[in-house]
Amino acid sequence: MKNGENAIRFENVSKAFGKRKVLDGITFDLAAGGVYCVLGRSGTGKSVTLKLMIGLMKPDRGTIRILDREITGLDSRELAPVRAKVGFLFQYAALFDSITVGENIAFPLRRRGERSDEEIRRQVEEHLDAVGLEGNYDKMPAELSGGMRKRAGLARALALRPSILLVDEPSSGLDPITAKEIDEVLMGLREKHGATLVIVTHHITSARRMADEMLVLDNGRVVARGAPAELETSEVELVRELFRAEDVA
Amino acid sequence: MTNVIENAGRSVRTALAGAGDMVVFGLRALVSAVRPPFELVETLRQIQLLGWRSLSLIATSGLAVGVVMSMHTRSSLERFGAESMIPTVLGIAMIRETGPLVTGLLSSGRLGAGIGAELGGMRVTEQIDALESLAVDSFKYLVVTRVVACMVALPLLTIFFNVSAIVGGWAAETTVSGMTFGYYYRNAFSNIGFSDLIPSTLKTVVFGFLISSISGYLGYNASGGAQGVGQASTRSVVLSAISLIVANVVMVKFILFLFPS
Ligand SMILES: Nc1ncnc2c1ncn2[C@@H]1O[C@H](COP(=O)(O)OP(=O)(O)O)[C@@H](O)[C@H]1O
Ligand SMILES: [Mg+2]
């Protein structure tokens, strides 16, 4: 896919849980190769939006296109080829806790059909290196610190060299220094892979550092969108609050 | 008053809807089990894992049940001077009913709780979502493999339980009468025919299905953090034990109808 084409497109997407409307006819598109930060209060549906992008949840209404493929009506098996091109870093990393860190990263490689143990080992070591986790192949996930888990989750999400990477709150639960390191790893990726990045965060400083564009969600809609410098002068109250929050922090 | 009735009605409806979902879930697992792609490696791993997990429990329980049953049988048969029948009676009782039922109930506890907690934990920590995000069909990979594994493991565990019980029964008997193991063993199994073996083995396959699909359903659909996981695990044990007892009654009726002796 060339830069400039749409990697992700939401059209009129609505999602409710019982009576609670989370997304209310949301429409946006994200160009391939861009870095997008999604901001908003907690509970506004940022994680839901990410999960919709790989079909972990289904919208009640509307259509979602990923890499030019409509995914709304697909089941788990039909989604597989799309999912293979999309990496997901979960908020708490979601490492498989019954296998080692190295095996977590080897898992998608084996599933793809890679047979040779040596080749798998080599690729896993490479991915561990890339996120600064060299030498942790044989550790169990429970032995890692929060920041290391995120890195391992990132390495696993990148194992299949996805063209889209979805990241849910990379800095949540981390100290500011570790959070900054994770941001740096993410930015390094962007330079190396040229993947489309969608990062959910409520940390405006890191959003500013990384984003080509920021999308602000509120009440089930995108209430503001633009480059960080543009949004700084936004009239939207929530956006102003977000930027003010930074000055305090 | 109307409120009470309304509330009761609502709980009954919810319970029935839950039961319906569970049945659909189980049937879906069966259908999916015979459709490619087969998760053969993972299924074998689960059989081994589930088997190992229960082996020591099944062995010790089998021995203990064998000892106790043997003592009861002896005190009953002694009155008629029919001590030589002890192994035969014990063998039939074990293979027809006690073996399958006790193995099933023990497995509801051991395997049901394990599956409920394991899948529940994976659900609430987003590991199931992570599997899906890696293009894996999580239902097939986690649920179907466990259902098949339980359906294979339960008959094997039952055989193991029965053999342990015979050993236990002999141990109890030989301290009283000095009966040899060879004699005991031959007589325990001498009167066992296909009409005893086949139905009771099939029964344990059904038990395996009930335990794994119920606990699989509760774990796979768990929500609400650590508390939700605990709930999934305990409910797995309770529901699979109850359903197993009910299913047993129905199946025994059916078996006696098909194989009148
Ligand atoms: N699986 C679910 N079932 C019911 N409600 C959910 C589910 N997932 C999310 N929600 C609700 O949707 C809303 C948005 O959630 P989420 O996207 O996680 O918020 P955030 O923007 O903090 O990531 C919340 O009110 C949450 O309670
Ligand atoms: Mg969230």
Side-chain angles (χ1 to χ4, degrees), chain A residues 17 47-48 50-58 66 71 74-99 104-113 115 141-142 149 152-160 162 164-169, chain B residues 10 14 17 24-25 28-29 31-46 48-50 52-53 114-115 117-146 149 219-226 229:
Chain A
F17 294 100
S47 299
V48 168
L50 282 192
K51 287 182 179 174
L52 286 166
M53 288 178 185
I54 48 167
L56 290 176
M57 288 179 179
K58 301 281 172 205
I66 301 298
I71 63 160
L74 305 186
D75 66 23
S76 191
R77 199 153 47 93
E78 295 163 325
L79 277 167
V82 179
R83 285 173 169 171
K85 291 186 203 129
V86 183
F88 201 120
L89 173 54
F90 290 84
Q91 190 169 351
Y92 303 101
L95 297 175
F96 304 129
D97 51 20
S98 59
I99 54 178
N104 262 275
I105 297 155
F107 184 85
L109 300 171
R110 291 192 205 286
R111 296 294 302 187
R112 188 179 56 183
R115 284 283 163 76
R149 286 164 149 266
L154 185 58
R156 186 180 66 186
L158 290 169
L160 298 181
I164 298 176
L165 179 64
L166 310 175
V167 184
D168 199 353
E169 310 230 9
Chain B
R10 197 170 308 135
T14 328
V24 171
F25 186 88
R28 223 182 101 208
V31 171
S32 176
V34 295
R35 281 211 188 131
F38 305 107
E39 297 282 357
L40 213 58
V41 178
E42 182 60 16
T43 306
L44 289 174
R45 202 179 71 92
Q46 286 299 330
Q48 199 190 5
L49 217 65
L50 298 180
W52 269 123
R53 238 185 234 174
I115 292 173
E118 195 180 5
L119 296 191
M122 291 188 76
R123 169 61 75 194
V124 305
T125 56
E126 296 187 315
Q127 290 176 57
I128 294 184
D129 282 344
L131 268 179
E132 289 282 333
S133 82
L134 295 170
V136 175
D137 182 341
S138 63
F139 181 75
K140 192 142 208 171
Y141 187 79
L142 296 175
V143 178
V144 176
T145 52
R146 281 168 176 75
Y220 194 76
N221 295 304
S223 63
V229 177

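Just so it is clear: chains get the letters A, B, ... in the order the sequence lines come, proteins before strands, and each one is counted from 1.
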Max heavy-atom pair count under 4.5 Å with chain B, selected residue of A:Leu89, A:Asp97, A:Asp75, A:Leu166
A:Asp97

When rounded to the nearest 0.5 Å, the distance separating NZ of B:Lys140 from OG of A:Ser76 is 10.5 Å

Given 3.5 Å as the limit, does a donor-acceptor pair link the side chain of B:Glu126 with the main chain of A:Tyr92, or not?
no

Under 4.5 Å heavy-atom distance to chain B, tell me which part of A:Ile54 shows up: side chain, backbone, both or neither.
side chain

About how many Å separate OG of B:Ser133 and CG of A:Leu50, when rounded to the nearest 0.5 Å?
11.5 Å

Apply ring pair (Phe, Tyr, Trp, His ring centres under 6.0 Å) to residues B:Tyr141 and A:Phe96 and explain how you reach the verdict.
CA-CA 13 Å; B:Tyr141 187 79; A:Phe96 304 129; 8.2 Å; no

Heavy atoms of A:Ala84 and B:Ala135 approach each other most closely as N-CB, 4.2 Å

Look up atom OG1 in B:Thr125 and atom CZ in A:Phe90, then write down how far apart they are to the nearest 0.5 Å.
10.0 Å

Measuring heavy-atom distances to chain A, does B:Leu131 have an atom under 4.5 Å in its side chain, in its backbone, in both, or in neither?
both

For the student: nearest non-hydrogen atoms of B:Ala130 and A:Ala94, plus distance:
CB-O, 3.8 Å

Determine, stepwise, if the pair B:Asp129 / A:Phe88 fulfils side chain to side chain contact (heavy atoms under 4.5 Å, CB included).
CA-CA 9 Å; B:Asp129 282 344; A:Phe88 201 120; over 6 Å; no

B:Glu132 and its salt bridge (charged side-chain N to carboxylate O under 4.0 Å, His left out) partner, picked from A:Arg83, A:Arg111, A:Arg77:
A:Arg83

Counting only heavy atoms closer than 4.5 Å, note whether B:Glu42 contacts chain A via side chain, backbone, both or neither.
neither

Part of A:Arg112 lying under 4.5 Å from any heavy atom of chain B
neither

